[in-house]
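Presented below is the structure to which this report refers.
One is the number of the first residue; the rest follow in order along the sequence.
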Amino acid sequence: ASMDDLGPSDRDGIFYYPFTTYQYQNINDATVLEMFARLNTYSIGLNRQELRNGRYFGQFKTTVYETSYRHIEFWRRYRILSEGAIARMSEAELTSELFVLILDGLQDKKTSLDEFYGNLDDYWGTDPRFWRAKRDSRRPAIWLDREETVRRFDTTLSAIAESVGELIPRSSFRRPALFYSLFSVVYHRLYGVNAVTELDSPQRPLTAKSKRRLWEAVEEVSQLLTEKPSPESVPSRDRDLLIASASQTDNLLPRQVRLEQLWNRANLSAE
């Protein structure tokens, strides 16, 4: 049927149907074809990370994608991301979140990612560049250039692989939300996460003893999350952890609870 065959109300429904559009500048053909390939493969709209991929082209985006791809076997080996998730750039989004964690501490959801992509698009070097955040505070909380950020990221992933890597695929920490917490704990041990004031960081590498304690803590937490006991039937610390791991897992408060719980269970302030 053609438009002429439709009644007035049907034509109005087509003419006034709302839809969202995004306009990109200076996109090469390869990027356009990649977007259409993803749309055609999954028959769903572009996710937030795929939209960032088409919107930003500068230093933060380039560094994120280079780093996340360099560690592609890490995400696969430890079953943190499925092939479908990787196809939809989840490894880039997770790497983005971990970069922001390094620069600005624990975040509330993923709302700050676009800020970092935008503000570090033209320049991300040794000369400090800060901006005012919506929460009325300076971002990033500390300034690290791209090379130092990548070095710390690589070091933290290596420490995770060496200490609990073989445990991750059969643990709850292969879930991206919980892996974020595992990364934050190990990063805090090595360098200190900004604004985590109650947990003293020794800022030194994991020892054989601390690696063993971390392994045991990951096992303990994974068993608790797998068994899913009633919150009323467990001690308060287990109840807090269950609640912080059950829903809204990328909110700030649950992230803080999981960091503190895993840190204390592994006693990472000690040798």
Side-chain angles (χ1 to χ4, degrees), residues 94-113 115-116 128 130-145 148-160 162-164 168 172-173 175-207 209-211 213-218 220-222 224-225 236-246 248-271:
L94 180 55
T95 300
S96 304
E97 288 192 87
L98 298 176
F99 274 14
V100 174
L101 166 70
I102 291 171
L103 293 167
D104 204 56
L106 297 175
Q107 303 291 302
D108 192 16
K109 301 182 181 180
K110 300 176 177 64
T111 55
S112 61
L113 291 188
E115 280 188 44
F116 281 82
F130 297 99
W131 63 91
R132 184 63 60 183
K134 292 181 180 178
R135 62 185 181 187
D136 197 30
S137 62
R138 188 184 69 172
R139 272 197 174 141
I142 61 170
W143 181 263
L144 299 173
D145 62 28
E148 178 62 15
T149 302
V150 171
R151 186 189 71 79
R152 292 188 179 194
F153 179 88
D154 291 348
T155 301
T156 305
L157 283 195
S158 295
I160 291 172
E162 292 169 4
S163 57
V164 294
I168 292 175
S172 299
F173 287 88
R175 289 168 48 192
L178 293 184
F179 180 80
Y180 178 100
S181 296
L182 176 60
F183 184 98
S184 67
V185 164
V186 175
Y187 184 83
H188 190 55
R189 163 75 185 209
L190 299 177
Y191 304 104
V193 172
N194 180 66
V196 181
T197 56
E198 297 182 359
L199 304 176
D200 293 332
S201 170
Q203 298 190 21
R204 62 173 181 264
L206 291 164
T207 62
K209 291 181 180 179
S210 59
K211 288 178 182 178
R213 293 197 304 271
L214 180 60
W215 179 288
E216 293 170 352
V218 168
E220 176 187 345
V221 171
S222 294
L224 176 67
L225 297 181
S236 59
R237 77 165 188 167
D238 289 349
R239 180 168 59 252
D240 292 343
L241 183 57
L242 285 169
I243 294 172
S245 304
Q248 303 295 322
T249 50
D250 59 354
N251 284 3
L252 181 58
L253 180 57
R255 283 177 164 176
Q256 290 173 330
V257 171
R258 294 197 304 270
L259 169 57
E260 293 171 2
Q261 287 264 1
L262 189 56
W263 179 273
N264 289 330
R265 289 169 191 251
N267 191 20
L268 291 183
S269 295
E271 179 182 347

**Message:** Quick one, Leu178 with Thr249, criterion side-chain contact (heavy atoms from CB on, under 4.5 Å). Give me CA distance, side-chain angles, the key distance, then yes/no.
**Reply:** CA-CA 8 Å; Leu178 293 184; Thr249 50; 5.8 Å; no

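- Taking all atoms of both residues into account, the shortest heavy-atom contact from Thr149 to Ile102 is O-CD1, 4.0 Å.
- Atom CG in Asp104 sits 9.5 Å away from atom CZ in Arg138 (nearest 0.5 Å).
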**Request:** Carefully, step by step, assess Ser184 and Leu106 under the rule side-chain contact (heavy atoms from CB on, under 4.5 Å).
**Result:** CA-CA 8 Å; Ser184 67; Leu106 297 175; 4.2 Å; yes

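- Aromatic ring pairs are classed by plane angle as parallel below 30°, tilted from 30° to 60° and perpendicular above 60°; the pair Phe183 and Phe179 is tilted.
- Taking CD from Gln261 and CG from Asp240, the interatomic distance works out to 6.0 Å, rounded to the nearest 0.5 Å.
- No side-chain heavy atom of Leu241 sits under 4.5 Å from any side-chain heavy atom of Leu262.
- A donor-acceptor pair is defined here as one N or O able to donate and one able to accept, closer than 3.5 Å; such a pair exists between the side chain of Ser222 and the backbone of Val218.
- Using a 4.5 Å cut-off on side-chain heavy atoms (C-beta onward), Ile243 and Val257 make no contact.
- Looking at Asn264, its side chain does come within 3.5 Å of a backbone N or O of Glu260 through a donor-acceptor pair.
- Within the 3.5 Å criterion, the main-chain N or O of Leu190 finds no donor-acceptor partner in the side chain of Arg204.
- By the ring pair (Phe, Tyr, Trp, His ring centres under 6.0 Å) test, Trp131 is found to be paired with Phe116, residues two or more places apart in sequence or in another chain being considered.
- Not a single salt bridge (Lys or Arg N to Asp or Glu O under 4.0 Å) links Asp145 to another residue, sequence neighbours left out.
- Asn251 is linked by a side chain to side chain contact (heavy atoms under 4.5 Å, CB included) to Asp108, Lys109, Gln248, Pro254, counting only residues two or more places apart in sequence or in another chain.
- Note that CD1 of Ile160 is 10.5 Å distant from CZ of Phe173, once rounded to the nearest 0.5 Å.
- A 4.5 Å side-chain heavy-atom check between Gln203 and His188 finds every atom pair outside the cut-off.
- Between Asp250 and Tyr180 the shortest side-chain heavy-atom distance does not fall below 4.5 Å.
- Considering all non-hydrogen atoms of both residues, Val186 and Ala159 come closest at CG1-CB, 3.8 Å.
- Not one N or O on the side chain of Ser112 forms a donor-acceptor pair closer than 3.5 Å with the backbone of Glu115.
- In this structure Lys211 satisfies the salt bridge (Lys or Arg N to Asp or Glu O under 4.0 Å) test together with Glu162, sequence neighbours excluded.
- Counting only N and O atoms by type, the side chains of Trp263 and Ser269 include a donor and acceptor under 3.5 Å apart.
- Glu220 pairs by the salt bridge (Lys or Arg N to Asp or Glu O under 4.0 Å) definition with Arg237, Arg265, not counting sequence neighbours.
- No side-chain heavy atom of Tyr187 sits under 4.5 Å from any side-chain heavy atom of Leu98.
- Closest non-hydrogen pair, Pro202 versus Arg189, comes out as CG-CD, 3.7 Å.
- Between Gly105 and Val193, the shortest heavy-atom distance links the atoms CA-CG1, 3.9 Å.
- The two atoms that bring Leu225 and Ser172 nearest to each other are CB-OG, 3.7 Å, heavy atoms only.
- Summarising the geometry, atom CD1 belonging to Ile142 is positioned 6.5 Å from atom CG belonging to Asn194; distances are rounded to the nearest 0.5 Å.
- The side chain to side chain donor-acceptor pair (under 3.5 Å) test with Ser181 singles out one residue from Arg175, Arg258, Arg255, Gln256, and that residue is Arg258.
- The two residues Ala270 and Arg213 make their nearest non-hydrogen contact at O-NH2, 3.5 Å.
- Residues passing the salt bridge (Lys or Arg N to Asp or Glu O under 4.0 Å) test with Arg151, sequence neighbours excluded: Glu148.
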